[in-house]
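Notes follow the structure.
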Protein chains: 2
Amino acid sequence: MDGMSTEPAAEPRWLSDEEQYAWQSYLHATTLLEDHLDRQLQRDAGMPHVYYGLLVQLSRAPRRRMRMTELAQNAKITRSRLSHAVARLEKNGWVRRENCPSDKRGQLAHLTDEGMHVLEKAAPGHVAAVRGALFDRLSPEQIGQLAEICRVMADGLQPKGADLPWLR
Amino acid sequence: MDGMSTEPAAEPRWLSDEEQYAWQSYLHATTLLEDHLDRQLQRDAGMPHVYYGLLVQLSRAPRRRMRMTELAQNAKITRSRLSHAVARLEKNGWVRRENCPSDKRGQLAHLTDEGMHVLEKAAPGHVAAVRGALFDRLSPEQIGQLAEICRVMADGLQPKGADLPWLR
DNA sequence: CACCCGTTATTGAAGGTTGAACAATTCATG
DNA sequence: CATGAATTGTTCAACCTTCAATAACGGGTG
């Protein structure tokens with residue numbers, strides 16, 4: 001051995017100037033947008049953005065019902081987080097839990113009529129916010145570029161460990 | 001009046017298929033990436049991503065010192081959130097608060113030597129995570145596209161009301 | 001069937017975030 | 001300079017998220 005054997009500390013490849021600029025812009029844009037949508041929905045619909053997304057998922061599901069794990073996968077959140085979220089939404093009367101007939105461990109989250117109504121009330125304002133912040137500011141080409149970039153990112157991040165062992 | 005006078009409920013412009021796809025991809029990519037970085041930094045450095053970003057800002061500031069409000073602006077978070085964050089970082093010994101000489105209301109956040117050391121320890125792993133999830137997966141063109149898209153987004157979201165009355 | 005392992009969903013505690021309210025200070029304007 | 005308006009940073013309570021631990025069930029193997 002000559003002192004540079006295991007080399008766990010080889011000088012890392014830092015970000016180039018272009019990459020640093022892109023990263024900074026990315027962080028600013030994403031935090032500002034998430035905050036913006038959170039505030040908009042908290043004000044107009046009484047829930048954070050993530051919870052709204054859960055209602056949307058449920059509204060598109062077959063009988064407005066979805067298994068907890070499937071819902072968590074689609075929303076990219078942990079089952080634990082979903083449990084707490086659904087508990088809160090259930091308290092509001094927007095979602096109800098039901099036992100899954102085919103699997104006694106399972107639960108179905110069911111979007112109630114009241115929940116559907118809240119969603120329909122909130123949707124226009126939310127779409128307007130998303131448009132105003134994103135789609136009305138980008139060219140069609142940019143929208144396509146963004147979609148492709150995000151697809152690549154998400155592809156590389158599909159969790160394979162810990163609490164999110166999906167798509168193994 | 002003929003019943004459609006004030007029209008606050010004109011059918012909103014929903015998202016096109018392309019836009020829906022882009023939006024879905026965006027949400028998946030950004031939440032997965034943020035979670036990924038949060039876990040990585042929590043594991044390797046004992047703090048969430050946002051807190052790490054604060055240390056980075058401070059490390060680049062003139063005497064490793066920055067006014068609270070300026071720091072909050074740069075990190076795109078509220079002063080309240082920053083207060084809590086700095087309180088925690090101070091408990092860890094990574095940041096110290098100092099009175100601002102020129103403004104008796106003000107506080108300076110100061111990155112300590114220990115904080116600097118923690119940052120230097122954590123930086124390589126963090127950069128590697130960002131690379132692995134983002135920059136090593138995108139072409140140079142895509143990196144440029146992403147930067148431009150995010151610049152436009154951030155531009156349109158600079159807060160002008162509520163608790164974030166910056167850039168008025 | 002008995003066993004072991006993986007999965008499903010929940011819980012509780014610790015930590016992080018939000019929004020409103022507050023005291024202290026500075027600024028602008030008459 | 002006096003007064004009201006605006007800024008700075010913190011605090012509290014309510015809420016949200018994370019992580020590890022747990023109970024209950026399913027599924028394959030011998």
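The chains referred to below are lettered A, B, ... by the order of the sequence lines, with proteins before strands, and numbering in each begins at 1. All values below were derived from every heavy atom in this structure, side-chain atoms included, with hydrogens, water molecules and symmetry-related copies excluded.
As a whole-Å value, the separation of B/D38 CG from C/dA14 P is 21 Å. Going from atom CD of B/Q73 over to atom P of D/dT7 covers 11 Å, rounded to whole Å. Straight-line distance from the CD atom of B/Q42 to the P atom of C/dA14: 15 Å, rounded to whole Å. For the pair A/L71 CG and C/dT8 P, the interatomic distance rounds to 14 Å; values are reported in whole Å. Per the geometry, CE belonging to B/M47 stands 15 Å off C1' belonging to C/dG16, to the nearest Å. Taking atom CG on A/L37 and atom P on C/dT18, their separation rounds to 13 Å, with Å as the unit. The separation between A/R81 atom CZ and D/dA20 atom P is 17 Å, rounded to whole Å. Between A/N99 atom CG and C/dA9 atom C1' the separation is 11 Å, expressed in whole Å.
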Can you give me the N/O atom pairs linking the protein to nucleotides 20-25 of chain C at distances under 3.5 Å, or say none if there are none?
unit_1, atom_1, unit_2, atom_2, d
C/dT25, O2, B/R105, NH1, 3.2

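The side-chain contact (heavy atoms from CB on, under 4.5 Å) with A/D38 is formed by just one residue from the set A/Q40, A/Q42, A/E34; it is A/E34.
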Go through the steps to decide whether B/D44 and B/K121 satisfy the test salt bridge (Lys or Arg N to Asp or Glu O under 4.0 Å), and finish with yes or no. CA-CA 9 Å; B/D44 297 351; B/K121 281 278 194 192; over 6 Å; no

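Between the A/R60 side chain and the A/L58 main chain, no donor and acceptor come within less than 3.5 Å of each other. Between the side chain of A/N92 and the main chain of A/W94, no donor-acceptor pair closer than 3.5 Å is present. In this structure a side-chain-to-backbone donor-acceptor pair under 3.5 Å is present from A/T112 to A/G93. Looking only at distances, no side-chain donor or acceptor of B/R88 sits under 3.5 Å from a matching main-chain atom of B/V86.
Here A/D113 pairs with A/R64 in a salt bridge; the nearest charged N to carboxylate O distance falls below 4.0 Å. Between A/K76 and B/D35 no salt bridge is recorded (no basic side-chain N to carboxylate O distance below 4.0 Å). A salt bridge is defined here as a Lys NZ or Arg NE, NH1 or NH2 lying under 4.0 Å from an Asp or Glu carboxylate O, and A/E90 with A/R97 meets this definition. Ion pairing between A/D136 and B/R13 holds under the 4.0 Å rule for side-chain N and carboxylate O.
Summarising the geometry of B/L119 relative to B/L55, their closest heavy-atom pair is CD2-O, 3.6 Å, with the distance given to 0.1 Å.
Nucleic acid contact class of B/R43 (heavy atoms, under 4.0 Å, all strands): none.
A heavy atom closer than 4.0 Å to some atom of DNA chain D occurs in A/H84, A/R88, these being the qualifying members of residues 83-96 of chain A. Contacts of residues 51-66 of chain A with DNA chain C (heavy atom under 4.0 Å): none.
Mapping A/P48 and B/R67 onto DNA chain D by nearest heavy atom places B/R67 closer to the 5' end of the strand. Along DNA chain C, the nucleotide nearest A/E70 and the nucleotide nearest B/G46 are compared for position; the residue whose nucleotide lies closer to the 5' end is A/E70.
Between B/Y52 and B/H49, the angle of the ring planes lies from 30° to 60°, which puts this pair in the tilted group.
One finds a side-chain N or O of B/R39 lying less than 4.0 angstrom from the OP1 or OP2 phosphate oxygen of D/dC19. A sub-4.0 Å separation between OP1 or OP2 of C/dA9 and a side-chain N or O of A/R79 is absent.
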